[in-house]
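Notes to accompany the following structure.
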Amino acid sequence: MPLPRRDLELTHKQFEPWVRSQLPNAQDLRVSEFGGSGTTGFSNDTLLFELSWREGGRAHDEKLVLRIEPAGLRVFPEYDLGLQYGIMQALAGTDVPVPRMLWREKDSAILGNPFYVMERIEGRIPDDNPPYHAAGWMTEITPEERASIWWSGIENLARIHRVDWRKVSVLPSVPAGKTPLEAQLDYYERYIAWAGLTEGGRFPLLENALAWLHRQQPREREPVGLCWGDSRLGNMIFRDGRCVAVLDWEMATLGNPAQDLAWWLFFDEHHSAGVGAPRLSGLPERDATIARYRELSGTDPQHLDYYDVFACFRFTAILGRLGQQLKLHGVLPPESDFEVNNTSSKMLEARLAKIGG
């Protein structure tokens with residue numbers, strides 16, 4: 001079964017009349033052909049286009065992004081485009097740089113799934129595949145430029161955590177009687193069951209890690225804030241060494257902001273030692289990063305070792321689900337054990353061995 005691909009010509013034919021309905025006074029409106037990924041089923045479909053029109057005697061030209069909820073098999077059981085759109089709308093009045101959000105459509109009848117349109121921000125994104133430590137433009141710039149990018153990313157992570165989460169009304173509420181962490185652990189217990197990763201006891205590593213996370217969760221009252229969820233360099237756009245946009249809020253939640261810092265540090269380790277690549281010179285070390293975050297946020301991140309295991313557990317579960325889909329669509333051979341034996345699972349196994357989990 002090949003990877004599903006969106007019919008870009010059909011999508012354009014369906015999308016252009018919808019855009020006209022959003023701009024009823026526009027004249028000479030034109031939607032360019034789509035660029036970007038036409039692959040569906042693993043994350044939001046991201047299509048790039050240009051929009052031009054005339055209105056009130058003025059010419060308008062916009063570079064925009066169309067993001068469509070994925071169809072078919074998914075990495076997550078559900079995708080809440082309203083959450084992503086609403087968070088970026090709420091952050092528009094803060095010092096967290098996010099794209100300008102234009103329109104959101106809930107009706108699946110237009111393009112087959114809900115979607116939204118946002119401003120396209122020009123810049124560069126550190127690579128995830130291959131990881132930025134191993135290849136890509138991050139390896140070609142100076143150590144000073146890499147340091148600037150890293151510190152700008154940490155600065156914006158602290159900005160996110162300074163936002164008053166009570167003003168982000170789209171955030172899902174925490175069930176009564178649960179802490180935010182307990183709610184997340186419950187979610188990931190359901191997640192690995194939904195993904196079939198625990199059937200027949202074939203992935204005991206995940207179950208052991210989850211049991212450890214339940215046993216060792218902090219008992220004292222933790223700080224609560226807006227957590228980005230997928231906090232990493234690969235979800236930021238940079239220009240001239242500065243972060244100009246923070247993207248991809250599909251994993252956003254309420255919780256201890258330390259979990260975002262732990263995810264950031266874990267992902268950088270995954271993209272270097274985890275894949276057998278030397279860490280790029282110029283990128284600050286863990287202790288310096290924590291100290292700078294503490295200074296910028298005005299808080300002392302607590303339980304980072306715990307949230308490091310939590311980050312590794314979550315990514316291992318996500319890669320497990322992704323591995324299943326890659327096999328289903330013929331990207332990986334049927335005999336592959338990637339879903340239970342990958343870079344993150346190796347890191348999780350080493351962590352549990354070290355802490356006696």
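Along the sequence shown, the residues carry numbers beginning at 1. What you see is a predicted model; the values in this text were computed from it and never measured.
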Got a sec, which residues hit salt bridge (Lys or Arg N to Asp or Glu O under 4.0 Å) with Lys346, two or more places apart in sequence or on another chain? none
Ser297 side-chain N/O to Ala158 backbone N/O, donor-acceptor pair under 3.5 Å: no
Heavy-atom closest pair (Ile192 atom, Ala317 atom, distance to 0.1 Å) is CG2-CB, 3.8 Å
Nearest heavy atoms of Tyr191 and Val75, plus distance in Å: OH-O, 2.7 Å
Distance-only donor-acceptor pairs under 3.5 Å for side chains of residues 98-112, two or more places apart:
unit_1	atom_1	unit_2	atom_2	d
Arg100	NH2	Glu62	OE1	2.9
Arg100	NH2	Glu62	OE2	3.4
Glu105	OE1	Trp18	NE1	2.7
Glu105	OE2	Asp107	N	2.9
Asp107	OD1	Ala109	N	2.9

To the nearest 0.5 Å, atom CZ of Arg232 lies from atom CG of Leu247 at 10.5 Å
Could you check whether Arg124 makes a cation-pi contact with Trp137, meaning its NZ or CZ is under 6.0 Å from the centre of the six-membered ring and within 45° of the ring axis? yes
Indicate the ring-plane relationship of Phe76 and Tyr79, choosing parallel, tilted or perpendicular according to the 30° and 60° boundaries. perpendicular
Contacts of type side chain to side chain contact (heavy atoms under 4.5 Å, CB included), residue Ile355, not counting sequence neighbours: Trp212, Val309, Leu352
Report the residues that fulfil side-chain hydrogen bond (donor to acceptor under 3.5 Å, both in side chains) with Ser345, sequence neighbours left out, ordered by chain and then residue number. none
Evaluate the criterion side chain to side chain contact (heavy atoms under 4.5 Å, CB included) for residue pair Trp194 and Arg321; output intermediate values, then yes/no. CA-CA 9 Å; Trp194 165 80; Arg321 172 63 175 172; 3.2 Å; yes
Tabulate below the donor-acceptor pairs under 3.5 Å that side-chain atoms of residues 266-276 make, not counting sequence neighbours, or state none.
unit_1	atom_1	unit_2	atom_2	d
Asp268	OD1	Tyr132	OH	2.6
Asp268	OD1	His133	NE2	2.8
Asp268	OD2	Arg279	NE	2.6
Asp268	OD2	Arg279	NH2	3.0
Glu269	OE1	Arg351	NH2	2.7
His270	NE2	Thr343	OG1	2.6
His271	NE2	Asp128	OD1	2.8
Ser272	OG	Asp268	O	2.9
Ser272	OG	Glu269	O	3.3

Taking side-chain hydrogen bond (donor to acceptor under 3.5 Å, both in side chains) as the test, write out the residues that go with Asp305, two or more places apart. none
If the condition is salt bridge (Lys or Arg N to Asp or Glu O under 4.0 Å), which residues does Asp300 pass it with, not counting sequence neighbours? Arg294
Residues that Tyr307 engages under ring-ring contact (aromatic ring centres under 6.0 Å, His included), provided they are two or more places apart: none
Please name all residues satisfying ring-ring contact (aromatic ring centres under 6.0 Å, His included) with Phe203, sequence neighbours left out, ordered by chain then number. none
With a cut-off of 6.0 Å (strictly less than), are more than 12 heavy atoms of other residues, nucleotides or ligands near CD of Glu9? no
The salt bridge (Lys or Arg N to Asp or Glu O under 4.0 Å) partners of Asp127 (sequence neighbours excluded) come to none
Tell me, please, which residues at least two apart from Arg292 pass side-chain hydrogen bond (donor to acceptor under 3.5 Å, both in side chains). Glu295
If the condition is side-chain hydrogen bond (donor to acceptor under 3.5 Å, both in side chains), which residues does Asn256 pass it with, not counting sequence neighbours? Glu222
